[in-house]
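The next block holds one structure in the form of structure tokens; read it before the comments.
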There are 2 protein chains.
Amino acid sequence: MNQAVTYKTKCHACPLRNKAIFRPFKEEELNFVMKFKAGELTVEEGATIVLEDNNSPHLYTLLEGWAFRHKALQDGRRQVLNFALPGELIGLQLALLDEMQHTVTALTDTTLCVFHKEKIWSIFQDYPALAYSITWMAAREEQLIDSHLLSLGQRTAKERLANLILHLYDRAETVGYAGNMTLDAPFSQGHLSEALGITTVHTSRTIRKLHDLELISWTRDRIRILNRQALEKVACYEPVEATQRPMI
Amino acid sequence: MNQAVTYKTKCHACPLRNKAIFRPFKEEELNFVMKFKAGELTVEEGATIVLEDNNSPHLYTLLEGWAFRHKALQDGRRQVLNFALPGELIGLQLALLDEMQHTVTALTDTTLCVFHKEKIWSIFQDYPALAYSITWMAAREEQLIDSHLLSLGQRTAKERLANLILHLYDRAETVGYAGNMTLDAPFSQGHLSEALGITTVHTSRTIRKLHDLELISWTRDRIRILNRQALEKVACYEPVEATQRPMI
DNA sequence: CGCCGAATTGATCTTCCTCAACATTGGTGG
DNA sequence: CCACCAATGTTGAGGAAGATCAATTCGGCG
């Protein structure tokens, strides 16, 4: 399963923490996280990070790359629940509820920080500030899914697509994966379809529509927003405000 | 806004805690929660409990009745994100993220336990077990939304409805709001439609289909499951297992 | 160059929406 | 207690959004 454990990055030298979007860490907190950290993991594009119903003993923070959470019906229909970007926790449900009801797959080659999930309890006992951060992140994830749910339930395909592009752009920008109206998009139209709840055929046609309206341009691995204002209008977009957030 | 504060129920005499579904509480924990509790609130059917963008200083536990979380687009299209039953936290996103991106409305007359949200931090500091419970509940809520998301994205209207009925029945049963294949259903077809992401017209027709298949019966305020096995099949249902859960 | 997976396009079918009329229910006031 | 009203639910007809099926085309890559 294309996974390799290494111990490269020390938390103090964590390349993520410098990003403006993350709340600064005290020396003390860093030391604590270091103790909590079990190692580092590299996962290749397309490989599974956490499998549904699989009781892995780990909890992760995505350090580098894209991943996505998804969930399938018995007959194979699959829904992408959300995309994950660096700084986000993976496997929290598993750690807390002792069961995973979705799968997480690497969209690109990824690097992850590995934690032992049994130690999560010690965080709650010894480091309330970190425990609070974890809960904060869980609540934020819920917000993201809430708005995705609103999309699937109420928006048309075109609105959904426009919305997803803007949403991913904004999130990717905070970690340097997008900027200058350009989003490095490692997902295929297939992934997009599964997130939007429409077929690939219809996704292709919908992209074309936005393209013809000169709102976006689309190349294999790059999405460019040509007219943000108009795109937001199509999307009925409500921006995610970008206050500093915690990270573990 | 039809809200009245009282101080009736002492946590020790909380009518909910006896339910088998909830994890037993130590005397010590009860005392702590008592201190945290600010009072009790009664909200009438149809009234708003927490409003989007409104920075209420409170966090609630639903004690009695049904509520629902929903979120709307500017043009009025509205999506029900989830229904809330006794024992569930309301307003956690607000308490943690300091902003609410959805509204919570009482579906029936409800009673709520009121907490001051600033005190949430003291829970994390002084009572890690309770903090853990809060996070647990957040993670579980995420699971529920995940599976709702799967429905909206991948299931047909008929499957969605069948699924929602089973899901609500199972959840309601754990708190005594359903049993014997009968669910006391305080929601209108309108609410159901907004949860399923389809129009009321189509909801009505879809109910009729399940009715004609003799899977359910439907009266104004009561849904009866006539053939659970067949209904599960239609729904592609995956049951929520019912392990004991925490409550605050 | 040839292959394979991903993307595009067209034609047709199904699901669900829209609009509009009508029925039913529960509540309210005379 | 009945009559009326508003909200909710039902039914029909026609239309639009999106699915399905199938045939190409495109774009890396060995």
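Small disclaimer: the values here were computed from a predicted structure and weren't measured. Heavy atoms only: backbone and side chains are in, while hydrogens, waters and symmetry mates are out. So that the names make sense, note that chain A is the first sequence line, chain B the second, and so on, each numbered from 1.
- Between R69(A) and E52(A) there is no salt bridge, since none of the side-chain N atoms of the basic residue sits less than 4.0 Å from a carboxylate O of the acidic one.
- Between I223(B) atom CD1 and dG9(D) atom P there is a gap of 11 Å when expressed in whole angstrom units.
- Rounded to an integer number of Å, the gap from CG of L192(B) to P of dG9(D) is 9 Å.
- A salt bridge is defined here as a Lys NZ or Arg NE, NH1 or NH2 lying under 4.0 Å from an Asp or Glu carboxylate O, and R140(B) with E142(A) fails to meet this definition.
- Contact annotation: R208(B) side-chain N/O to dG9(D) OP1/OP2 distance is not under 4.0 Å.
- By the 30° and 60° cut-offs, the orientation of the rings of F187(B) relative to F83(B) is tilted.
- Side chain to side chain, T105(A) and H70(A) meet the donor-acceptor criterion of an N or O pair below 3.5 Å.
- The stretch residues 69-84 of chain B does not touch DNA chain C, since none of its heavy atoms comes less than 4.0 Å from the strand.
- Atom CD in Q154(B) sits roughly 15 Å away from atom C1' in dT20(D) (whole-Å rounding).
- Within the nucleic acid shown, R220(B) comes within 4.0 Å of sugar-phosphate atoms alone, with no base atom in reach, counting heavy atoms only.
- Across the interface with DNA chain C, nearest-nucleotide mapping of V201(A) and R160(B) shows V201(A) to be the residue nearer the 5′ end.
- Distances shown here put a side-chain N or O of Q189(B) below 4.0 Å from the OP1 or OP2 atom of dT10(D).
- Contact footprint of chain B on DNA chain C: nucleotides with an atom under 4.0 Å from a non-hydrogen protein atom, first to last in 5' to 3' order, dC16(C) to dG26(C).
- Using a cut-off of 4.0 Å between Lys/Arg side-chain N and Asp/Glu carboxylate O, E238(B) and K71(A) are scored as salt-bridged.
- A straight line from NZ of K209(A) to C1' of dA16(D) spans 10 Å, rounded to a whole angstrom.
- A donor N or O paired with an acceptor N or O is found under 3.5 Å between the base of dG12(D) and the side-chain atoms of R205(B).
- Put simply, CD1 on I198(A) is 8 Å from C1' on dG18(D), counting in whole angstrom units.
- Nearest-nucleotide positions on DNA chain D place I207(B) closer to the 5' end than the other of G197(A) and I207(B).
- Atom pair H202(A):NE2 and dC21(D):C1' shows a separation of 16 Å (rounding to whole Å applied).
- The closest side-chain heavy-atom distance from R171(B) to N82(B) is below 4.5 Å.
- In this entry the distance linking CH2 of W218(B) with P of dT8(D) reads 13 Å, nearest Å.
- Using a 4.0 Å heavy-atom cutoff across all strands shown, T156(B) reaches sugar-phosphate atoms only and no base atom.
- In this model, no donor atom of one side chain and acceptor atom of the other lie less than 3.5 Å apart for Q101(B) and D146(A).
- Between T61(B) and E88(B) the shortest side-chain heavy-atom distance does not fall below 4.5 Å.
- Between R228(A) and D170(A) there is a salt bridge, with a side-chain nitrogen of the basic residue lying less than 4.0 Å from a carboxylate oxygen of the acidic one.
- In this structure, Q189(A) has no side-chain hydrogen bond (donor to acceptor under 3.5 Å, both in side chains) partners at least two apart in sequence or on a different chain.
- Within 4.0 Å (heavy atoms only), T199(A) reaches at least one base atom of the nucleic acid.
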